[in-house]
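Written out below as structure tokens is the structure these notes cover.
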Amino acid sequence: QSIISLFSDVIFEKLMRQTQYVIRRAKNNIACFHFQANQIVLVGLESNKEEINLLEVSSVEQIPSEGVSIYNSTKEYQKQREIELFEMLNSGAEISDGKLYKALCLGLG
């Protein structure tokens, strides 16, 4: 392998290890994931009203008070943590700062 390829692999692996929060957005659903050491925790929002567009939501204050439900679940890793994280990113999720995830968790408490 070339030095550049090895360097890229090391940087990518470091990024995967450091990433904790991932978000996947759709018009009627926001899924916030926390990649913990042994499991993935999901907190999400779902809307069943056509007029609500969750793609426009970037903070808890913007969540409509009606027509949106919150849900959560946990899942143990089926593969290595970094591989599951990479697969999720590869399927359209984005790395997140975790602010929306944490705010939604407070709403569950």
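The basis for the numbers below is simple: all heavy atoms, side chains too, and nothing from hydrogens, waters or symmetry mates. All values reported here derive from a predicted model rather than from experimental measurement.
Pairing each heavy atom of Leu42 with each of Ala31, the nearest pair is CD1-CB, 3.7 Å. The shortest non-hydrogen separation linking Leu85 to Met16 is CD2-O, 3.3 Å. For the pair Ile30 and Tyr71, the tightest heavy-atom approach, listed with the atom from each and the gap, is O-OH, 3.9 Å.
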_Show, in sequence, the C-alpha distance, side-chain angles and deciding distance for Ile70 and Val43, and conclude whether the side-chain contact (heavy atoms from CB on, under 4.5 Å) test is met._
CA-CA 7 Å; Ile70 187 169; Val43 178; 4.1 Å; yes
*Might you work through the side-chain contact (heavy atoms from CB on, under 4.5 Å) test for Glu56 and Gln62, ending with a clear yes or no?*
CA-CA 8 Å; Glu56 298 170 353; Gln62 296 174 323; over 6 Å; no
*Intermediate values then yes/no, side-chain contact (heavy atoms from CB on, under 4.5 Å), Arg24 and Glu94*: CA-CA 6 Å; Arg24 182 180 290 147; Glu94 301 173 1; over 6 Å; no
*Please assess Glu50 against Lys27 for the test salt bridge (Lys or Arg N to Asp or Glu O under 4.0 Å), listing each intermediate value before the final yes or no.*
CA-CA 9 Å; Glu50 185 63 33; Lys27 183 181 185 302; 3.7 Å; yes
*Step-by-step side-chain contact (heavy atoms from CB on, under 4.5 Å) determination, Asn28 to Asn48*: CA-CA 7 Å; Asn28 64 342; Asn48 55 6; over 6 Å; no
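Side-chain contact between Ser59 and Glu61: present, with at least one pair of heavy atoms (C-beta onward) separated by less than 4.5 Å. Between Cys105 and Lys102, the closest side-chain pair of non-hydrogen atoms is not below 4.5 Å. The shortest distance between side-chain heavy atoms of Leu104 and Leu45 falls below 4.5 Å. When side chains are defined from C-beta on, Val68 counts as touching Ile52, because their heavy atoms get closer than 4.5 Å. Looking only at side-chain heavy atoms (C-beta outward), Ser47 and Asn29 stay at 4.5 Å or farther from each other.
The main-chain N or O of Asp9 is never found under 3.5 Å from a side-chain atom of Glu13 such that the two would form a donor-acceptor pair. A donor-acceptor pair is defined here as one N or O able to donate and one able to accept, closer than 3.5 Å; such a pair exists between the side chain of Tyr77 and the backbone of Gln39. Side-chain atoms of Arg81 come within 3.5 Å of backbone N or O of Phe35 as a donor-acceptor pair. Side-chain atoms of Arg25 come within 3.5 Å of backbone atoms of Val57 as a donor-acceptor pair (strictly under, hydrogens ignored).
Under a hydrophobic-cluster definition in which Ile, Leu, Val, Met, Phe, Trp and Tyr are linked whenever side-chain heavy atoms come within less than 4.5 Å, directly or via other members, Val22 and Leu55 are assigned to different clusters. Under the 4.5 Å side-chain heavy-atom criterion for grouping Ile, Leu, Val, Met, Phe, Trp and Tyr, Ile83 is not connected to Tyr21 through any hydrophobic cluster. Under the 4.5 Å side-chain contact rule for hydrophobic residues, Phe7 and Phe12 do not share a cluster.
Summarising the geometry, atom CD1 belonging to Ile23 is positioned 12.5 Å from atom NZ belonging to Lys99; distances are rounded to the nearest 0.5 Å. Atom CZ of Phe33 and atom CD1 of Ile95 lie 14.0 Å apart (nearest 0.5 Å).
Checked by atom type, the side-chain pair Ser91/Glu87 shows no donor-acceptor distance below 3.5 Å.
By the 6.0 Å contact criterion, CD1 on Ile4 is open, its count of non-hydrogen atoms from other residues, nucleotides or ligands being 12 or less. Heavy atoms from other residues, nucleotides or ligands lying under 6.0 Å from CG of Asn38 number 12 at most. Residue-environment remark: CD (Glu76) stays at or below the threshold of 12 foreign heavy atoms within 6.0 Å.
Salt-bridge annotation for Lys75 and Glu84: present, with a side-chain N of the basic residue lying under 4.0 Å from a carboxylate O of the acidic one.
Remark: Val60 engages Ile63, Leu100, Ala103 in a side chain to side chain contact (heavy atoms under 4.5 Å, CB included) (not counting sequence neighbours).
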